*Asks:* 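Mind looking over this structure? Questions follow.
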Amino acid sequence: MAARKKVLVTGAGGFIGHHLVTYLKHLDYWVRGVDIKEPEYGSTDADEFELLDLRRWDNCLQATREIDDVYALAADMGGMGFISANNALILRNNLLISTHTIEAARVNNAKRYLYTSSACVYPEFKQTDTQVVPLREEDAYPAQPQDAYGWEKLITERLAMHYFQDFGLDTRTVRFHNIFGPLGTWTGGREKAPAAMCRKIAMAKLTGNHEIEIWGDGEQTRSFCYIDDTVIGIHKLMCSDFRDPLNLGQDRMVTINQLADMVADIAEIEIVKKHIPGPMGVRGRNSDNTRLREILKWEPQISLEEGLRHTYMWIEGQVRAKMGLPQQPTTTANGVKPLSVQEQISR
Ligand code: NAD
């Protein structure tokens, strides 16, 4: 019988990494999780979890020992507010993490290496309109990412390509488009738009003050992909033989104002939007999923409404706990049950 594959998930204390560990465990991999911090919401399912700062070379060597495949998710990151205000910190930290982790994987003879890039690599000049043309993978060049976060992602994509060309390390590169779901950062300044919106609307519902602050005019557009689809897509890409960058996201675009209305519907409240100055990122962004469908014979299945419902329910629970309010009698608001891992796998 073949030995069980041993995989490493870096960033396993973070949002996507934590969910990915759970998914890979259900697929019967042996999993080591590594992060600079423990998962914030619930304990890890990893066989082994090590607290390591992956900016350090010796720690990267330790993390990648006796590992077949590496899922490289560790990064210093956050929503627009954090990314636009911390360019030097992000560029330095993420370059150190990325260069040391991939080199350590090579030295330790890892077989496959999946790097998690971002839609933030796409050039600003192709995203100036709310009705943006969906972004194809080749649109990344000529390069002009908006922030240092995107520049680092682009450079590390190239590093992964060269590690295959020069050393034979079998690399994969995924470009996420706005991943959201329960168990992600929802407060503190690093949260992204869907989580921030769920928090604001839960606060509005629970305090009775229905005024919601939105950065800018709220007409900026994005697509959002639910976490359960994301972990399935990551694993499918790792198992494929495709080495070029691949978008992973939904291709349904909504404005931030529409996102707010959708969450308000789920919370069953009327909101008043107050538009305030704030970082908005690019004007419009959407994923072109042509290549995703072609390569993986699959695309994300879970609707924005369904994903937001699960996310809102979880965040409302977090806000209630913080405010010292009782939890809802059931965690299944509006009769929707969270998907079990088995249901996720069979999708
Ligand atoms: P996250 O912030 O929840 O997880 C990243 C994890 O990396 C955190 O737990 C953090 O502690 C860890 N980390 C940071 N510095 C570290 C260090 N020096 N050593 C070890 N661990 C360290 O973010 P996420 O949303 O789970 O993102 C995972 C990956 O996907 C990241 O590479 C991110 O850039 C990428 N990505 C995410 C999105 C998204 O919408 N969530 C979009 C595009 C790309």
Side-chain angles (χ1 to χ4, degrees), residues 8-22 32-41 44 46 49-60 62-64 70-80 82-83 86 89-102 104 114-122 135 145 147-154 156-157 160 173-196 222-227 229-231 233-234 245-250 281 285 287 300 307 311:
L8 167 67
V9 177
T10 75
F15 166 49
I16 303 173
H18 182 65
H19 284 275
L20 182 62
V21 165
T22 300
R32 177 182 300 142
V34 167
D35 203 295
I36 202 169
K37 66 168 175 65
E38 301 271 357
E40 237 170 301
Y41 312 106
T44 182
F49 189 93
E50 296 188 21
L51 283 175
L52 295 171
D53 182 343
L54 295 176
R55 288 172 299 184
R56 288 180 46 166
W57 164 244
D58 53 345
N59 286 343
C60 289
Q62 182 177 331
T64 52
V70 177
Y71 292 85
L73 278 79
D76 197 357
M77 69 96 69
M80 267 324 298
F82 179 77
I83 283 178
N86 292 284
L89 184 82
I90 287 173
L91 188 52
R92 177 174 189 277
N93 285 344
N94 291 347
L95 276 176
L96 287 171
I97 294 169
S98 297
T99 51
H100 286 159
T101 309
I102 197 168
L114 184 143
Y115 176 60
T116 52
S117 183
S118 165
C120 290
V121 300
Y122 289 114
L135 294 154
D147 294 295
Y149 173 74
W151 279 106
E152 188 277 332
K153 292 290 187 195
L154 204 57
T156 303
E157 285 189 359
T173 296
V174 62
R175 289 183 187 152
F176 294 141
H177 287 250
N178 299 307
I179 312 306
F180 75 101
L183 313 186
T185 305
W186 59 277
T187 188
R190 286 187 185 237
E191 63 277 18
K192 305 185 111 199
R222 295 290 185 277
S223 66
F224 298 96
C225 182
Y226 191 57
I227 184 67
D229 276 330
T230 306
V231 294
I234 297 171
L246 190 68
N247 284 333
L248 176 47
Q250 284 278 8
R285 175 176 289 159
S287 174
T311 309

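From a predicted model like this one, the values you see are computed outputs, not experimental measurements. We count ligands from 1, going down the list as the structure has it; atoms in each ligand are counted the same way.
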*Asks:* With sequence neighbours left out, write down each residue that passes ring-ring contact (aromatic ring centres under 6.0 Å, His included) with His19, or none if nothing qualifies.
*Replies:* Phe15
*Asks:* Which label fits Phe224 and Phe180: parallel for a plane angle under 30°, tilted from 30 to 60°, or perpendicular past 60°?
*Replies:* perpendicular
*Asks:* If you have a sec, work out which protein heavy atom is nearest atom 39 (C) of ligand 1 and how many Å separate them, to one decimal?
*Replies:* Lys192 NZ, 3.2 Å
*Asks:* Quick check on side-chain contact (heavy atoms from CB on, under 4.5 Å): which of Leu183, Val9, Val21, Ile234 does Ile16 satisfy it with?
*Replies:* Ile234
*Asks:* Check this for me - ligand 1, Gly11, N or O atoms closer than 3.5 angstrom, yes or no?
*Replies:* no
*Asks:* Does the Thr116 side chain pair with the main chain of Ala72, one donor and one acceptor, at a distance under 3.5 Å?
*Replies:* yes
*Asks:* What about His177: any of its N or O atoms under 3.5 Å from an N or O on ligand 1?
*Replies:* no
*Asks:* Would you say ligand 1 has an N or O under 3.5 Å from any N or O of Met77?
*Replies:* no
*Asks:* What residue and heavy atom of the protein are closest to atom 4 (O) of ligand 1, and at what distance?
*Replies:* Gly14 CA, 3.5 Å
*Asks:* Would you call Thr10 a ligand 1 contact, heavy-atom distance under 4.0 Å?
*Replies:* no
*Asks:* Any heavy atom of Thr185 closer to ligand 1 than 4.0 angstrom?
*Replies:* no
*Asks:* Judged by non-hydrogen atoms, does Ser117 sit under 4.0 Å from ligand 1?
*Replies:* yes
*Asks:* If we only consider heavy atoms of Arg56, is any one of them less than 4.0 Å away from an atom in ligand 1?
*Replies:* no
*Asks:* Is there a polar contact between ligand 1 and Ile179, counting only N or O atoms under 3.5 Å apart?
*Replies:* yes
*Asks:* Considering heavy atoms of the protein only, find what lies nearest to atom 9 (O) of ligand 1 and give residue, atom and distance to 0.1 Å.
*Replies:* Asp35 OD2, 2.7 Å
*Asks:* With a heavy-atom distance limit of 4.0 Å, tell me whether Arg190 approaches ligand 1 through its side chain, its backbone, both, or neither.
*Replies:* neither
*Asks:* Starting from atom 18 (N) of ligand 1, what is the nearest protein heavy atom, named by residue and atom, and what distance separates them?
*Replies:* Asp53 OD1, 2.8 Å
*Asks:* Checking the N or O distance criterion of under 3.5 Å, is ligand 1 in contact with Phe176?
*Replies:* no
*Asks:* Please report which non-hydrogen protein atom sits nearest to atom 14 (C) of ligand 1, along with the residue it belongs to and the distance in Å to one decimal place.
*Replies:* Ala75 O, 3.3 Å
*Asks:* Evaluate the criterion side chain to side chain contact (heavy atoms under 4.5 Å, CB included) for residue pair Lys153 and Thr173; output intermediate values, then yes/no.
*Replies:* CA-CA 10 Å; Lys153 292 290 187 195; Thr173 296; over 6 Å; no
*Asks:* Among Cys225, Ser223, Ser287, find the one that has a side-chain contact (heavy atoms from CB on, under 4.5 Å) with Pro300.
*Replies:* Cys225
*Asks:* Which residue supplies the protein heavy atom nearest to atom 31 (C) of ligand 1, what is that atom called, and how far is it?
*Replies:* Leu73 O, 3.1 Å
*Asks:* Would you call Tyr149 a ligand 1 contact, heavy-atom distance under 4.0 Å?
*Replies:* yes
